[in-house]
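Counting begins at 1 with the first residue of the sequence.
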Amino acid sequence: MFKKLGLLLVSLFLLMAPVSCAAKAFEKEINVVFMYEDELISHDTVTQFKNIKSPTLSEAYIPDGYKFFGWTPLDPNTISATDENFNEKYISAGEMVHWADVNEYATNTTVICKALMIDKNEIPKPYHYVVIAWYDKVATSGVDQNLMNQLKDALFDHLTSLGVSQTDLDSIVIRGYTGNVGTSCGQIMKDEDVDIMLGWGSKDNITTTGGMNPDSILETIKEFKVGEKNRTLHRLTDKETALVVFEWLQSDACRAIFA
């Protein structure tokens, strides 16, 4: 494996060698190699004046139960998602790589960045009283930002009346998802923090076209009118706080907002 990698790096050095010796005298070039185990995924050259885009990694490479964060010039086995400077230890997939990101790790003008996989059970999850996803495709759902602003105000008034703290209120996330059913549901599954879905169609629609696991839909309210459109509410978690909010979403006070 090491001989193979050594030959690869020599080849890369020759391929990416600067055309102009004068240019090299003024600007340091670093060859950035992106590896998954012993497989070359991508490579490019970064300088103080030229950035590169890091590659994404196909789902086929990601083991079950793990999340791909990006790339790291360090040993991935030494990095924990709980590290205080976790974000500084990896380069996000699909984002720009700068010379400063890799300069201190350059050996013979080359940096090898390895794929960083983290066990999902080891990833700290931020606290949210509730996360409500709404379908931000008004032609289909009838729901728009104005309606959701009204919902937020009414929901906060209701929760305040129940004695919910300002800290908990500030932690509430009401997040719009755009695109078709497949795209929006796919993003919800990737985010992995949604408690309630508002504005999508039937359970069959989001579990077939949307690709969601039927077992992830714990409760569905079919009769949720948005104007003349018949939409649904879906609950994805059993969190006590989510149950409180889900119950309020079925109230006359909430339904009046969407009438």
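- Residues T241 and V244 are not in side-chain contact: their nearest non-hydrogen atoms beyond the backbone lie 4.5 Å or more apart.
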Test log, rule side chain to side chain donor-acceptor pair (under 3.5 Å), inputs Y129 and D170
CA-CA 9 Å; Y129 184 90; D170 291 341; over 6 Å; no

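- For CD of E84, the number of neighbouring non-hydrogen atoms (other residues, nucleotides, ligands) closer than 6.0 Å is 12 at most.
- T183 and N180 form a side-chain donor-acceptor contact under 3.5 Å, judged by distance and modelled atom types alone.
- The shortest heavy-atom contact between I118 and A81 is CG2-CB, 3.9 Å.
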side-chain contact (heavy atoms from CB on, under 4.5 Å), that's the test. Do C113 and V33 meet it? Break it down for me.
CA-CA 6 Å; C113 289; V33 182; over 6 Å; no

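- The distance from the CG atom of N51 to the CZ atom of F49 is 11.0 Å, given to the nearest 0.5 Å.
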Between L57 and W71, does the side-chain contact (heavy atoms from CB on, under 4.5 Å) criterion hold? Intermediate values first, please.
CA-CA 10 Å; L57 194 64; W71 308 91; 4.1 Å; yes

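- Rounded to the nearest 0.5 Å, atoms CD (E29) and OG1 (T110) are 11.0 Å apart.
- Under the 30°/60° scheme for interplanar angles, the aromatic rings of F86 and Y90 are found to be tilted.
- The salt bridge (charged side-chain N to carboxylate O under 4.0 Å, His left out) test with R175 is passed by exactly one of D195, D136, D193: D193.
- K28 and N103 are linked by a side-chain donor-acceptor pair at a separation below 3.5 angstrom, with hydrogens and angles left out of the test.
- Within 6.0 Å of atom CD in E247, 12 or fewer heavy atoms from other residues, nucleotides or ligands are found, so the atom counts as exposed in its surroundings.
- In this structure, K222 forms no cation-pi arrangement with F224, as its terminal cationic atom is not both closer than 6.0 Å to the ring centre and no more than 45° off the ring axis.
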The test is side chain to side chain donor-acceptor pair (under 3.5 Å); show your working for T82 and S80 and say whether it passes.
CA-CA 5 Å; T82 59; S80 169; 2.7 Å; yes

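- Here the closest non-hydrogen pair linking V97 and S54 is CG2-CB, 3.8 Å.
- Nearest approach of D238 to L243, heavy atoms of both residues: O-CD1, 3.8 Å.
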Kindly indicate, with the supporting measurements, whether the criterion salt bridge (charged side-chain N to carboxylate O under 4.0 Å, His left out) is fulfilled by D64 and K120.
CA-CA 9 Å; D64 289 342; K120 290 181 178 179; over 6 Å; no

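- Note: T140 OG1 to R231 CZ = 7.0 Å, rounded to the nearest 0.5 Å.
- Between T107 atom OG1 and N31 atom CG the span is 12.0 Å, to the nearest 0.5 Å.
- No side-chain donor from either of Y61 and E37 sits under 3.5 Å from a side-chain acceptor of the other.
- Heavy atoms of other residues, nucleotides or ligands lying less than 6.0 angstrom from CG of D252 number 12 at most.
- Side-chain contact of W200 with S184: a donor-acceptor pair under 3.5 Å is present, judged by distance alone.
- Shown here is Y66, whose OH atom has no more than 12 heavy atoms of other residues, nucleotides or ligands within 6.0 Å.
- Residues L159 and W248 are not in side-chain contact: their nearest non-hydrogen atoms beyond the backbone lie 4.5 Å or more apart.
- In the hydrophobic clustering of ILVMFWY residues, with side-chain heavy atoms under 4.5 Å counting as a link, W134 and V245 come out together.
- Judged by distance alone, the side chains of Y177 and D191 do bring a donor and an acceptor atom under 3.5 Å apart.
- Residue I257 holds its CD1 atom at 10.5 Å from CG of N146, rounded to the nearest 0.5 Å.
- A salt bridge links K50 with D44: the closest approach of a Lys/Arg side-chain nitrogen to an acidic carboxylate oxygen falls below 4.0 angstrom.
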Given side-chain contact (heavy atoms from CB on, under 4.5 Å), test V111 with D101 step by step and report yes or no.
CA-CA 10 Å; V111 170; D101 295 327; over 6 Å; no

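- Side-chain contact annotation: T232 with H234, donor-acceptor N/O pair under 3.5 Å present.
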